[in-house]
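Here the structure comes first, spelled out in structure tokens, and everything after it is commentary.
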Amino acid sequence: MFPQLTPGVVARFNSSGTVLPVTPLRADILEQSAVQRAVLFELGCVIGERFLLGATSVDWPACLAETVERQSKYFDVQLPVQLTSADKWLAQTVGENLADALEARSQAQGKVCVARPRIPGLEWIASGNGDFALGSSLVEVKCTSKRFSASDYRQVAIYWLLSFAAAIEGRGSEWSELILLNPRSGVLVSLETDAFLSVVSGGRTKVDILQLFLSLVGSRLNR
């Protein structure tokens, strides 16, 4: 689908990122946490969403329940019996970093921040939800100690492709900007969709990319 999304191109995209002012996660506190990392950082995202909606404190039972509901769609997750003070500090720090970063960008650009924007489905692919949107900008959150990977860029590219297909069919609008945000490190990479595609598509037009994708979807259906 995106043949030029090579390690060198990924490194180039990563080098274009900016580092936002965030509270770093202390390694010694992170080591104390026995909670699954996916659950811990999803909890941070849930907390961040609630801060963006105006919450001034954390409703831990409600945030935990929502986190487990989300994660259980993808993993075998059980509600942690008890969160330690270290767990709570880590999750709340991620949430505060996330809310601060999105609020600052929202105010700077005059765009409303929307949590869990709809990602349209196509053929056998069901519709779902992204992390955040700022106008026509899609924001995908990755809370990791590593730099963004090819799979991260491929994910937002597929989200764009689904939005493009929906726009053609009159079911929505196309994402014009793709953003990867790491609230753990404060790194934000912002890419205009057209510029991104010109680098990774191997010379294909948007319509070419969509037609190739549809042919692959059809191959999946015919197996």
Side-chain angles (χ1 to χ4, degrees), residues 14 17-109 111-119 128-134 137-149 151-152 155-156 159 179-190:
N14 284 336
T18 57
V19 180
L20 308 176
V22 297
T23 302
L25 300 188
R26 286 173 45 188
D28 60 324
I29 296 181
L30 193 58
E31 289 175 359
Q32 296 175 30
S33 176
V35 178
Q36 291 172 282
R37 290 290 184 264
V39 175
L40 183 65
F41 295 133
E42 183 70 36
L43 176 59
C45 289
V46 170
I47 291 170
E49 286 182 25
R50 294 188 176 221
F51 282 147
L52 286 167
L53 291 172
T56 57
S57 60
V58 181
D59 183 340
W60 291 105
C63 288
L64 271 172
E66 184 173 347
T67 298
V68 171
E69 181 183 1
R70 293 186 189 182
Q71 286 291 302
S72 62
K73 297 176 182 177
Y74 310 103
F75 305 103
D76 183 14
V77 179
Q78 294 184 347
L79 186 68
V81 175
Q82 182 178 5
L83 289 176
T84 66
S85 58
D87 297 328
K88 290 182 178 181
W89 183 85
L90 291 165
Q92 185 163 341
T93 298
V94 168
E96 290 172 347
N97 287 346
L98 179 60
D100 289 346
L102 290 172
E103 194 169 69
R105 195 169 183 90
S106 173
Q107 292 178 354
Q109 297 185 342
K111 299 177 180 178
V112 175
C113 182
V114 176
R116 297 177 61 76
R118 181 177 178 274
I119 303 297
N129 298 93
D131 289 332
F132 296 92
L134 294 166
S137 301
L138 177 68
V139 182
E140 183 68 18
V141 178
K142 299 294 180 183
C143 196
T144 174
S145 60
K146 301 177 181 179
R147 306 190 81 183
F148 299 126
S149 66
S151 63
D152 297 330
Q155 180 181 356
V156 292
Y159 285 171
I179 297 173
L180 289 172
L181 171 61
N182 186 340
R184 179 173 173 178
S185 63
V187 174
L188 182 148
V189 174
S190 169

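Distance CG/Asn14 to CG/Leu180: 8.5 Å, rounded to 0.5 Å. Between the CD1 atom of Ile29 and the NZ atom of Lys88 there is a distance of 14.5 Å, given to the nearest 0.5 Å. Here the straight-line distance linking atom CG of Asp87 with atom OG of Ser33 works out to 3.5 Å at 0.5 Å rounding. Here the straight-line distance linking atom CG of Leu52 with atom CG of Leu102 works out to 5.5 Å at 0.5 Å rounding. Rounded to the nearest 0.5 Å, atoms SG (Cys45) and CD (Glu66) are 11.0 Å apart. Interatomic distance, Asp59 CG to Leu64 CG, rounded to the nearest 0.5 Å: 9.5 Å.
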TODO: Kindly determine whether Leu43 and Leu83 satisfy side-chain contact (heavy atoms from CB on, under 4.5 Å), including the steps that lead there.
DONE: CA-CA 11 Å; Leu43 176 59; Leu83 289 176; 3.9 Å; yes

Open item on the list: Does Arg70 form a salt bridge (Lys or Arg N to Asp or Glu O under 4.0 Å) with Glu49? I'd like the steps, not just the answer.
Closed with: CA-CA 14 Å; Arg70 293 186 189 182; Glu49 286 182 25; 2.9 Å; yes

Open item on the list: Using side-chain contact (heavy atoms from CB on, under 4.5 Å), reason through Leu181 and Leu20 one step at a time and then give a plain yes or no.
Closed with: CA-CA 10 Å; Leu181 171 61; Leu20 308 176; 4.0 Å; yes

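Considering only heavy atoms from C-beta on, Leu40 stays 4.5 Å or farther from Val94 through its side chain. Looking only at side-chain heavy atoms (C-beta outward), Trp60 and Ile47 come within less than 4.5 Å of each other. Side-chain contact between Leu25 and Phe41 is present, with at least one heavy-atom pair separated by less than 4.5 Å. The shortest distance between side-chain heavy atoms of Ile179 and Arg105 falls below 4.5 Å. Counting heavy atoms from C-beta on, the side chains of Asp131 and Val139 never come closer than 4.5 Å.
Across Phe51 and Ala99, no two heavy atoms sit closer than the pair CB-CB, 3.8 Å. Scanning both residues, Thr144 and Asn182, for their nearest heavy atoms gives O-ND2, 2.8 Å. Between Cys63 and Val58, the shortest heavy-atom distance links the atoms SG-CG1, 4.1 Å. The heavy-atom pair separating Thr67 from Val39 by the smallest distance is CG2-O, 3.5 Å. The two residues Pro117 and Leu138 come nearest to each other via the heavy atoms CG-CD1, 4.2 Å. Between Arg184 and Cys143 the shortest heavy-atom distance is CB-SG, 3.6 Å.
Applying the salt bridge (Lys or Arg N to Asp or Glu O under 4.0 Å) rule to Glu96 yields no partners; only residues at least two apart in sequence or on another chain are considered.
Side chain of Asp100 to main chain of Val22: no donor-acceptor pair is present (N/O by atom type, distance under 3.5 Å, no hydrogens or angles). A donor-acceptor contact shorter than 3.5 Å links the side chain of Asn97 to the backbone of Thr23.
Applying the 6.0 Å contact sphere to CZ of Arg26 captures no more than 12 heavy atoms from other residues, nucleotides or ligands.
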